[in-house]
Each structure stands twice: as structure tokens, then as C-alpha cells.
There are 2 protein chains.
Amino acid sequence: MVISARVHYACVAMLELAIQNDEGSPVAIREITDRHGIPGPFLVQILRSLRALGWVQSIRGSQGGYRLSVDPATITLLDIAEAIGSQEAGCRTEATCTPMAVMLQTQWDDAAEASRRVLGQATLSGLVERAQHGDASMFYI
Amino acid sequence: MVISARVHYACVAMLELAIQNDEGSPVAIREITDRHGIPGPFLVQILRSLRALGWVQSIRGSQGGYRLSVDPATITLLDIAEAIGSQEAGCRTEATCTPMAVMLQTQWDDAAEASRRVLGQATLSGLVERAQHGDASMFYI
DNA sequence: AGATACTTGACTAAAGAGATCACATATATA
DNA sequence: TATATATGTGATCTCTTTAGTCAAGTATCT
């Protein structure tokens, strides 16, 4: 469960869209990059992946931007991390797959599973709600 | 908590030393690399780190090798992973540290903490014992 | 002396992460 | 219809990390 900048940015973008989901107009990339200091072209790349997943839709042209196309209650940080992040390999091919290696691999898997359980609990809507209740000025809307 | 090949090999080596800890003679690198298919010079590099940590001692010359210099009950997979693996950075410097970023970071930290708890439970002696009870032929000694 | 085994430091190849750029296309508004 | 505003797409690029290699040296046992 590696949290790269790519994954982090993807989550920021999804949260930003989730917050502004009720308002009619789509959210421009510029709005997100300005607010969070994310390199523009990089975020474009990430939003492309999110669109391919069917999680956001894009509206081109003037007044265009992005909008969530899924219910924010159904998407967790785990979903985003696993979809955007790099896929991990199974048992190492180079080294011999000894019983000891298998035992260790079980430990690595258990540890990863523990992480996944935490992130699988965190839905977008849950985070948005928590942020807005905890600190109304948090997202300076 | 990234488990690189380096960390995995370090754990294999420590476990191998823990198993043969009771016997008088030290364990040669060749013995470990042959058994587990680990590239020799790479394992040398790793054992050097382990020695710098004070966890193993080396005996040079003919009949030389490596030996644990700590109680295998006091070392966990977490200790090895954190000592050998790369050190992770804190809050990302590039992007703006917005409240949203902080909230996300908390989630990443919680997830990492969950992993750490799992690996922190796994002591070398515990793993050796488990392996030997579970399957006597596991380490074909 | 010679075989065995660790010591040390430098070095290289490959992969992935994190961007960046140029050019194309779509749409609202004046 | 012209123009400003936005996204779409593909290629490219640099930097860091990871994994692995090599050569020459030193210590110890038999």
C-alpha cells in the first residue's frame, strides 16, 4: 500500500469534487491546482485516469470542468489508492520460493491487509462530513 | 511501509541466523544465498547494514560467517523493515499543506500504523517457533 | 602456503515517480 | 462568427530509488 503523490492528488481531487458536488457547475482543473498547489498538467493526467474509471465526467469548453459521476458514499480511499497506485506483485520470482519466504510473505500480506481495512473505512462522503463538522472553515467555501 | 526485496532478504537472513543460533559455528553467506536464491553480493551489502545496527556479528577467515548478536525475541519484522527500508518523508513539501491534505495525511498515517502494529508483533523467535511447530521439515535442518 | 570467507568502496542498469509540453478539440459568450 | 476558456491526447524528460555487480583487499584456519 504505497501512497504516492499521484494517489494523494487523486484523493484531493475526488474530495474537492465531492464537496462541490451539490452545486450545479463543474469544477475547473485550475480551481483545484490553485487551491492545493498541484502541478496542472500532472492533475490532468490523474483526472484522465479517474475518468477512465468512470468516477468523474468531464465537460469541455468554456465553463467546463469536472464533476463526480458516482455517489461519494460508495468510494473509499482504498478504492482510489488501489486504482491509481501501482499494482503490487505476488511472490518474488527472482528468489527461491522457500517455506520461509512464504511465511514472511504471509506477514507482509497481513500487514497490507491491516492498512487496507483502515482505508476501506474512509468514504469520500464520510471525510467531507467529518471535515465540515470538525472545522467549518476547513475548506473555505 | 514498503517491503522491498532488500527488507525481505534482510528478514530471511535474520531468521536463518536465528534458527542456527544455538549451534556453535557461524553461518556463512553462501549457506544463505544457496538456500534462498539470493544474489550473493547483494546479501553481503545487507548483512553489512545489519552489522552496523549491531544485530549481527561477523567472524572472518575460514570457518567464518555471521551470528546473531541480539536475542531473537527482541527483534521484530517491524524493526528490520524500518531499519533497512527507506525512511519515509513527512508532509509533502511540493504541494500546499492545506487542511484537506492534513486530513488525508492522517488517514495515510493511520493505515501505516495499522501495518506497523501487525509487523511489530512478529518477533524472530516467534516466527522460528511457529515454523518449527507448524511444519518440522519447513527449514530442512 | 593456500583455501576459505568476510571487507570495502565504487559502479551500473532498469524501473518508476513526477512532472512537462505541444497541439488538438469543444463550448459559452460577446 | 470570433475569441476566450477548458479539456483531450500523446510524447517526452529528468530524477531518484532499487537491485545487483565487480574488483581488490584482509583475516583466519588447516
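Computed from a predicted structure; not experimentally measured. In what follows, every chain begins at residue 1, and chains take the letters A, B, ... in the order their sequences are listed.
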Does either side chain, that of A:T76 or that of A:D79, offer a donor lying less than 3.5 Å from an acceptor on the other one? yes
Tell me yes or no: between the side chains of B:S115 and A:S115, is some donor less than 3.5 Å from an acceptor? yes
Taking CG from B:L43 and P from D:dT18, how many angstroms apart are they, rounded to a whole number? 18 Å
Which nucleotide in the set D:dC22, D:dA19, C:dC6 lies at the smallest distance from any side-chain heavy atom of B:I29? C:dC6
Which part of the nucleic acid, if any, lies within reach of B:P39 when heavy atoms closer than 4.0 Å are counted: base, sugar-phosphate only, or nothing? sugar-phosphate
Would you compute the distance between atom NE2 of B:H36 and atom OG1 of A:T98 and round it to the nearest 0.5 angstrom? 4.0 Å
Qualifying residues under salt bridge (Lys or Arg N to Asp or Glu O under 4.0 Å), relative to B:R60, sequence neighbours excluded: none
May I ask you to say what A:G65 touches in the nucleic acid, namely base, sugar-phosphate or nothing, with a heavy-atom cut-off under 4.0 Å? sugar-phosphate
Phosphate-side-chain proximity, A:Y9 and C:dA17, N/O vs OP1/OP2 below 4.0 Å: no
Using the side-chain heavy atoms of A:A5, tell me which of these nucleotides is nearest: C:dG18, C:dT20, D:dG8. C:dG18
Of the listed C:dC6, D:dT7, C:dA19, the closest approach to the B:A28 side chain comes from C:dC6
For the pair made of CD1 in A:I46 and P in C:dA19, what is the distance, rounded to whole Å? 9 Å
To the nearest angstrom, the CG-C1' distance between A:L50 and D:dG8 comes to 15 Å
Please encode protein proximity along nucleotides 23-29 of chain C as a string of B, S and -, counting only heavy-atom distances under 4.0 Å. --BBBS-
Can you tell me the distance, in whole Å, between the CD1 atom of A:I38 and the C1' atom of C:dG18? 13 Å
Nearest whole Å is fine: how far is D:dG8 C1' from A:R30 CZ? 18 Å
If hydrophobic clusters are built by linking Ile, Leu, Val, Met, Phe, Trp and Tyr wherever their side-chain heavy atoms come under 4.5 Å apart, do B:I3 and B:F42 end up in the same one? yes
Within the structure provided, determine whether A:R67 and A:L17 are in side-chain contact (heavy-atom separation under 4.5 Å). no
Interatomic distance, A:R67 CZ vs D:dA6 C1' [rounded to whole Å]: 14 Å
B:R51 CZ to C:dG9 C1', straight-line distance once rounded to whole Å: 14 Å
Is any side-chain N or O of B:S58 closer than 4.0 Å to OP1 or OP2 of C:dT7? yes
For residues 49-57 of chain B, tabulate all N or O donor-acceptor pairs below 3.5 Å that involve a side-chain atom, not counting sequence neighbours.
| unit_1 | atom_1 | unit_2 | atom_2 | d |
| --- | --- | --- | --- | --- |
| B:S49 | OG | B:Q45 | O | 3.4 |

Without decimals, in angstroms, what is the distance between B:Q45 CD and C:dA10 P? 13 Å
